[in-house]
Each structure stands twice: as structure tokens, then as C-alpha cells.
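Structure, as C-alpha cells:
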Amino acid sequence: MARTFGITGLKTWRLQLIMRVGVTISIQASTFSGGVNTTAMHLALLLQKLEKDVYLVNNTQNEWFDDNRLLESAFKVCKHEDILAGRCEPFDILIEVAWSIAPELRVCMAKANIVVIRKPPLMYDMEYSVYAVKLGNNRAERVAAIWCIGESFTNDDKEYMQFLYSGIPVEFLPFFWYPDIVDNYVKTTLKPPETGEWEMHVCESNQSITSNLLLPISIYADYCRQQTTKLQLKVHSSDHLKTVGFFMSNVHKSLLGADTADVLLPRMPLPAMHKSRSFIVCHNRFAGVRALHIDALWIGIPLIHNIKELAGYGYYYPENNIAAAVNQIERIIADYKEINEKVS
């Protein structure tokens with residue numbers, strides 16, 4: 001059964017009139033390779049529930065994700081090149097997740113194009129300006145509408161979007177989620193939880209100030225100064241930081257000590273963190289609930305987080321409160337011991 005956080009906003013677009021809908025995706029090795037892909041699949045699942053003829057429009061040569069073959073049967077897939085070459089009929093609507101189609105190709109691929117934005121645009125565009133990332137002057141050309149999906153868009157974001165894309169309808173839609181991706185992964189890939197040392201996982205993207213490892217590793221360092229229970233740290237999506245001299249010689253060394261670069265690891269599928277003595281610490285800035293958070297809660301991985309919308313779930317700490325987060329680590333360990341005493 002789907003767990004959705006409101007879908008009525010989509011119906012106002014009268015998608016019941018649309019026959020064929022494409023949703024862009026980048027099929028890679030893992031279904032957990034990025035938030036863009038999970039958003040695309042959740043959106044396709046939602047459109048299927050609305051009885052649309054939905055295709056995932058893939059921009060890679062991969063046929064499907066290596067780690068979730070059972071999920072393949074849930075979707076129709078075509079490739080960008082097949083549409084451009086005439087082997088696949090253009091869509092009535094093509095939904096681009098995160099500006100994924102060149103403006104000059106939109107007219108060849110669909111009668112109308114909608115762009116989905118997942119993250120607060122004002123913050124991200126300002127950050128891009130600091131790092132001189134070129135966004136493209138004409139990226140909204142031939143776009144019929146923009147959908148901003150999630151709970152993190154502020155009034156400033158709304159004013160910014162309506163000003164920047166004047167003349168293009170901008171809709172703000174609620175976050176929604178389905179368990180299909182993680183459930184099928186668990187059925188085909190996940191092994192029974194192993195009992196080992198306590199592991200603290202950090203799953204931030206480390207590509208933006210809205211999602212980085214700084215506060216989680218500060219929480220870990222503060223915990224280690226106070227407690228005796230041994231805790232192994234694993235920071236995912238961070239191996240690229242090993243080559244960043246300033247980070248390694250200042251931030252990393254001061255918080256974690258020298259010769260600890262082995263904690264900086266590549267991206268890892270979230271369900272693989274499901275172990276008997278394992279939990280996730282995340283830190284949210286300017287962005288709302290992500291599929292990763294719901295996935296963790298759904299399959300039972302203890303989640304320490306500062307997401308107000310999920311304050312009643314997992315192990316919550318307010319804002320940037322490191323001490324409160326350390327207390328939640330203690331709670332997880334105490335809860336684990338209590339449960340094991342009851343079942344033993």
C-alpha cells in the first residue's frame with residue numbers, strides 16, 4: 001500500500017486527459033544512486049496510480065539497475081535516443097526531473113514538457129553562483145510548467161520562482177513516497193542483519209551546504225569524547241573528499257584525527273546499512289523530507305535526524321543541537337540492550 005503525503009495537487013493539472021507520459025531517469029548501477037532517480041520512480045508510480053501510460057525515459061545505455069531486478073517489471077522504459085531516432089513515439093507530456101533535457105530537444109520528445117524541482121531553488125541557485133556553475137540562460141525554453149515537489153519551499157522560493165520564470169505556471173506540490181523501490185531491493189538483495197560492532201552511518205550527498213557531513217561527524221566526535229561504547233564511523237558519498245587538502249588537514253583532522261581517511265567511503269545502497277547494531281545520523285539544512293529518511297524508517301534502520309516533519313519518528317534532535325544528537329545515540333544503544341534482554 002502506498003504511503004503518500006498528499007497527491008491532490010497533481011490532479012489539478014488534469015492529467016486524466018493525458019495518454020502517454022514520460023519521466024526522465026538516469027539508470028545506473030544502483031536504484032539508490034541518487035535522489036533524482038528515486039524521485040523519478042516515485043513520480044512514475046504515482047502517475048501509474050492515476051492510470052496513465054507511463055514510461056521512464058533513460059539517458060544511459062544501461063537496461064536496468066543491477067541491484068533491483070525485481071523492480072524492472074513495474075516500469076516501461078525507453079531511451080532518449082529512441083525518441084529522437086523515431087523508434088519511440090513522442091510523449092504527450094515529458095516530465096523532466098531536474099532540468100535533464102536540452103531546450104532544443106524538448107519539441108522533438110514531447111508535445112509539452114514539465115520540469116520537476118526537488119530542492120529549494122533560491123538557496124541552490126545562490127550556491128551555484130558562488131562556485132561559478134553555469135545554469136544556462138535558456139533552460140526554461142519550451143517548458144510548459146514547473147512543479148516544485150516537497151515541503152521545504154519557503155515564501156522566498158515561491159516569489160523567486162514566479163519572478164524568474166514569469167509566464168510559466170509554477171506549482172508547489174507535497175512530498176510523496178512509495179515503498180516499492182526499497183521493498184523490492186529487500187526481497188532480492190538484502191541479507192539477514194549481522195551482529196557486529198556498532199556502526200554509525202552518514203548518508204549526506206556532500207555536494208552542497210544543504211547536505212554535508214560536517215555536523216554528523218561533529219556529533220560522532222563529541223560522542224567519542226564522552227562515551228565508552230566503541231562506535232565505528234562510515235561516511236558515505238565522501239571518498240572524493242580525500243583529495244581535498246583543506247578539508248583533510250583542517251576539518252577532518254581536527255574532528256576525527258590523523259590517519260582516519262578510511263572512514264570516507266563511496267555511496268552505498270541505504271538498505272545495506274540494515275544491521276543489528278547500525279544506525280544513521282543525518283542533518284537537514286534548508287531541505288525537507290527525503291526518500292532516504294522514509295526508506296530508513298520503513299525498513300527499520302534507526303534514524304537520528306533533525307527533520308521537524310518527522311519529529312515523532314525515529315530519534316529526533318532539534319536544529320543543530322549536537323548534545324541532543326549524542327543523547328539520541330545513547331538512547332539507541334540503550335533501546336537495543338533493552339530489546340535484547342526481553343527476547344533473550
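Everything quoted here is computed from the prediction, not taken from an experiment.
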Yes or no on side-chain contact (heavy atoms from CB on, under 4.5 Å) for F175 and E309, after CA distance, side-chain angles and deciding distance? CA-CA 11 Å; F175 175 84; E309 295 90 343; over 6 Å; no

Does some side-chain heavy atom of H283 sit less than 4.5 Å from a side-chain heavy atom of N212? no

Where the side chain of N206 meets the backbone of L213, is there a donor-acceptor pair that is under 3.5 Å apart? yes

Under 3.5 Å, is there a donor-acceptor pair linking the side chains of N155 and E159? no

Measure the acute angle between the ring planes of H201 and H236, then classify it against the limits of 30° and 60° as parallel, tilted or perpendicular. parallel

Salt bridge between K79 and D82, side-chain N to carboxylate O under 4.0 Å? no

Could you walk me through whether D67 and R267 satisfy the salt bridge (Lys or Arg N to Asp or Glu O under 4.0 Å) test, starting with their C-alpha distance in whole Å, then the side-chain angles of each, then the deciding distance to 0.1 Å, before giving a yes or no? CA-CA 14 Å; D67 64 354; R267 194 180 188 99; over 6 Å; no

If only atom types and distance count, is the side chain of N37 paired as donor or acceptor with the main-chain N or O of I25 below 3.5 Å? no

Salt bridge check: are R277 and E199 linked by an N-O gap of less than 4.0 Å? no

Is D92 salt-bridged to K111, going by a charged N under 4.0 Å from an acidic O? yes

Check for me whether K158 meets the cation-pi criterion with F172, that is, NZ or CZ under 6.0 Å from the six-membered ring centre and within 45 degrees of the ring axis. yes

Evaluate the criterion side-chain contact (heavy atoms from CB on, under 4.5 Å) for residue pair D53 and Y55; output intermediate values, then yes/no. CA-CA 7 Å; D53 185 16; Y55 286 75; 3.7 Å; yes

Taking the six-membered ring where the residue is Trp, are the ring centres of H305 and Y316 under 6.0 Å apart? yes

Would you say the ring centroid of W147 lies under 6.0 angstrom from that of F176? no

Does anything in residues 285-294 form a side-chain hydrogen bond (donor to acceptor under 3.5 Å, both in side chains)? List the pairs, not counting sequence neighbours. E204-R290

Those residues that, when tested against K119, pass side chain to side chain contact (heavy atoms under 4.5 Å, CB included) (two or more places apart): Y124

Check this for me: does any side-chain nitrogen of one of D239 and K234 sit under 4.0 Å from a carboxylate oxygen of the other? no

Before giving the answer on ring-ring contact (aromatic ring centres under 6.0 Å, His included), spell out for W298 and Y185 the whole-Å C-alpha distance, their side-chain angles and the decisive distance to 0.1 Å. CA-CA 13 Å; W298 181 256; Y185 180 96; over 10 Å; no

Quick one: does M41's side chain get under 4.5 Å of F75's, heavy atoms only? yes

Does E96 pair with R106 as a salt bridge, N-O distance under 4.0 Å? yes

Are N59 and I101 packed together at the side-chain level, in the sense that at least one heavy-atom pair is separated by less than 4.5 angstrom? no

